[in-house]
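In what follows, a structure is listed as structure tokens, so that the remarks can point back to it.
Residues: numbered from 1 along the sequence shown. Because the structure is a prediction, the values reported are computed rather than measured.
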Amino acid sequence: MDGLGGGPKCGAPWKRMSKEELENQYSPSRWVVRLGAEEALRTYSQIGNEATKRAQATGRNLLDVPYGDGEGEKLDIYFPEAVSEALPFLVFFHGGYWQSGSKDSSAFMVSPLTAQGVAVVIVAYDIAPKGTLDQMVDQVTQSIVFVQKQYPGNQGIYLCGHSAGAHLAAMMLLANWTKRGVRPNLKGFFLVSGIYDLEPVMHTSENAPLLTTLEDAQRNSPQWRLKTSPTQPVDPACHILVTVGQHDSPEFHRQSREFYQTLRRGGWKASFEELHDVDHFETLWNLTQKDYVLTQIILKTIFQES
């Protein structure tokens with residue numbers, strides 16, 4: 001096997017993988033267990049579209065709200081029936097390997113959460129090749145600043161991201177809020193099947209539209225940054241849940257466990273959950289169900305701490 005070895009991180013398992021195996025490990029659709037790869041992606045998209053249409057049909061929403069000056073800098077806000085500024089807000093960042101996906105098909109969790117009194121914000125950002133990783137991280141930061149300024153009396157802002165969106169949410173642990181002139185009331189993070197070290201992705205076809213260099217990958221890797229220069233938690237009570245699907249690939253499992261361990265070593269209030277009998281896509285699309293284990297964890301976390 002022709003591995004990718006060398007460098008200071010040659011101990012990392014992915015360094016010993018061939019390009020073919022690395023491609024396989026970082027292609028979530030190849031690991032689905034109930035559907036074929038194409039059917040899984042189609043179903044994922046269909047469920048997201050249907051959930052978003054249902055959420056928009058209630059009328060209790062503000063759609064395409066600009067959080068910045070850029071054309072792609074928009075977000076949707078979905079409210080519970082009893083609208084009040086003193087609500088908890090869950091802010092969601094979609095996945096799609098930083099190059100696909102849309103807020104317009106990502107309102108999976110809106111109905112079960114708004115039914116329990118949580119406002120849900122779905123954020124758009126400029127995906128590659130239009131947007132760079134640095135721009136995406138900046139836009140996500142900007143969107144949180146916007147929510148805090150618009151709703152300063154909120155009962156807590158909880159960030160949730162899936163896959164590449166989990167990466168973007170995790171980058172907010174490193175954000176310089178002082179520079180932004182506002183400290184958001186961040187109470188929790190729900191990181192679902194994420195990627196926290198971007199270096200392995202550089203060696204797959206997913207990097208083609210991103211054109212990530214090693215420097216870009218390290219600067220935008222929460223795992224690398226928290227290991228090399230540990231950041232103290234701004235709020236030690238802020239809870240970070242790292243989850244991975246049972247049927248996610250071994251590399252997704254490794255990344256999630258190692259990021260969780262890095263957080264714990266750094267003094268963050270972190271927990272880890274392997275979601276039983278779900279693949280990379282089911283971890284998210286099951287959030288349309290109020291009785292799904294992750295939906296219940298999110299609600300319990302919010303209402304214990306809000």
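Cluster annotation: M202 and V137 are assigned to distinct hydrophobic clusters (Ile/Leu/Val/Met/Phe/Trp/Tyr, side-chain heavy-atom contacts under 4.5 Å, transitive). Placement of M17 and W31 in two distinct hydrophobic clusters is found when ILVMFWY residues are connected by side-chain heavy-atom separations under 4.5 Å, directly or transitively. The hydrophobic clustering, which links ILVMFWY residues whose side-chain heavy atoms are closer than 4.5 Å, places L214 and L133 apart. V33 and V278 fall into different hydrophobic clusters, where Ile, Leu, Val, Met, Phe, Trp and Tyr side chains are chained together by heavy-atom contacts under 4.5 Å.
Under the 3.5 Å distance criterion, with hydrogens and angles disregarded, a donor-acceptor pair is assigned to the side chains of N154 and Q148. A donor-acceptor contact under 3.5 angstrom links the side chains of W98 and H167, judged on distance only. When only modelled atom types and interatomic distance are considered, D216 and T213 share a side-chain donor-acceptor pair under 3.5 Å. Side-chain polar atoms of E23 and S205 form a donor-acceptor pair below 3.5 angstrom. Y26 and Q255 share a donor-acceptor pair across their side chains, judged by distance under 3.5 Å alone.
Between F93 and S143, the closest side-chain pair of non-hydrogen atoms falls below 4.5 Å. Counting only heavy atoms from C-beta outward, the side chains of F281 and I47 never approach each other to under 4.5 Å. Looking at heavy atoms from C-beta onward, L87 lies in side-chain contact with P80 at the 4.5 angstrom threshold. Here the side chains of T141 and W177 are in contact, with some heavy-atom distance below 4.5 Å. Side chains of N49 and S45 form a contact here, defined as non-hydrogen atoms less than 4.5 Å apart. With a 4.5 Å cut-off on side-chain heavy atoms, V32 and H280 do not count as touching. Residues V120 and Y158 are not in side-chain contact: their nearest non-hydrogen atoms beyond the backbone lie 4.5 Å or more apart. You'll find the side chain of T243 stays beyond 4.5 Å of the side chain of T283, heavy atoms only.
To the nearest 0.5 angstrom, L63 atom CG is 12.0 Å from K74 atom NZ. Separating the CD atom in Q218 from the NZ atom in K227 is a distance of 12.5 Å, to the nearest 0.5 Å. Note that CD1 of I122 is 5.0 Å distant from CE of M109, once rounded to the nearest 0.5 Å. Once rounded to the nearest 0.5 Å, the distance linking OG1 of T132 with CD of Q139 reads 8.5 Å. Going from atom CG of L191 over to atom OH of Y196 covers 4.5 Å, rounded to the nearest 0.5 Å. Atom OG of S249 is separated from atom CG of N24 by 8.0 Å, given to the nearest 0.5 angstrom.
Pairing each heavy atom of P200 with each of L22, the nearest pair is O-CD2, 3.6 Å. Taking both residues in full, the closest heavy atoms of Q289 and T295 are given as O-OG1, 2.8 Å, listed atom of the first, atom of the second, then distance. Between P184 and I157, the shortest heavy-atom distance links the atoms CB-CD1, 4.4 Å. Here the closest non-hydrogen pair linking L263 and A270 is CB-CB, 3.9 Å. Closest non-hydrogen pair, S29 versus A37, comes out as O-CB, 3.4 Å. The heavy-atom pair separating P88 from G117 by the smallest distance is CD-O, 3.6 Å.
Taking the six-membered ring wherever Trp is involved, the centroid distance between the rings of Y125 and H94 falls below 6.0 Å.
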Item to complete: Tell me, with the steps shown, if N61 and D76 meet side chain to side chain contact (heavy atoms under 4.5 Å, CB included).
Response: CA-CA 7 Å; N61 49 57; D76 296 337; over 6 Å; no

Item to complete: Decide side chain to side chain contact (heavy atoms under 4.5 Å, CB included) for L226 and F259; before the verdict, give the C-alpha distance in whole Å, the side-chain angles of both, and the deciding distance to 0.1 Å.
Response: CA-CA 9 Å; L226 286 172; F259 189 56; 3.7 Å; yes

Fill in: Criterion side chain to side chain contact (heavy atoms under 4.5 Å, CB included) on V140 and L159, from CA distance to verdict
CA-CA 10 Å; V140 163; L159 306 187; over 6 Å; no

Worksheet item: Between K103 and V123, does a side chain to side chain contact (heavy atoms under 4.5 Å, CB included) hold up when you go through it step by step?
Response: CA-CA 6 Å; K103 74 171 175 60; V123 178; over 6 Å; no

Worksheet item: Please walk me through it: do F146 and Y67 pass ring-ring contact (aromatic ring centres under 6.0 Å, His included)?
Response: CA-CA 6 Å; F146 174 85; Y67 64 81; 7.0 Å; no

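At distances below 3.5 Å, not a single donor-acceptor pair connects side-chain atoms of R60 with backbone N or O atoms of Y78. In terms of modelled atom types and a separation under 3.5 Å, the side chain of T204 and the main chain of V201 share a donor-acceptor contact. With S221 contributing its side chain and Q223 its backbone, the two residues share no donor-acceptor pair below 3.5 Å. Judged by distance alone, with hydrogens and angles left aside, the side-chain atoms of D279 form a donor-acceptor pair with the main-chain N or O of E282 at under 3.5 Å.
With a 6.0 Å radius and a threshold of 12 heavy atoms from other residues, nucleotides or ligands, R183 has its CZ atom at or below the threshold. By the neighbour-count criterion of 12 heavy atoms within 6.0 Å, atom CG of D69 is sparsely surrounded, having that number or fewer from other residues, nucleotides or ligands.
Residues forming a salt bridge (Lys or Arg N to Asp or Glu O under 4.0 Å) with D248 (at least two apart in sequence, or on another chain): none. With sequence neighbours excluded, the residues forming a salt bridge (Lys or Arg N to Asp or Glu O under 4.0 Å) with R254 are E251, E258, listed by chain and number. Among residues two or more places apart in sequence or in another chain, the salt bridge (Lys or Arg N to Asp or Glu O under 4.0 Å) test is passed with D138 by R180.
Using cut-offs of 30° and 60° on the angle between ring planes, the pair Y44 and W285 is tilted.
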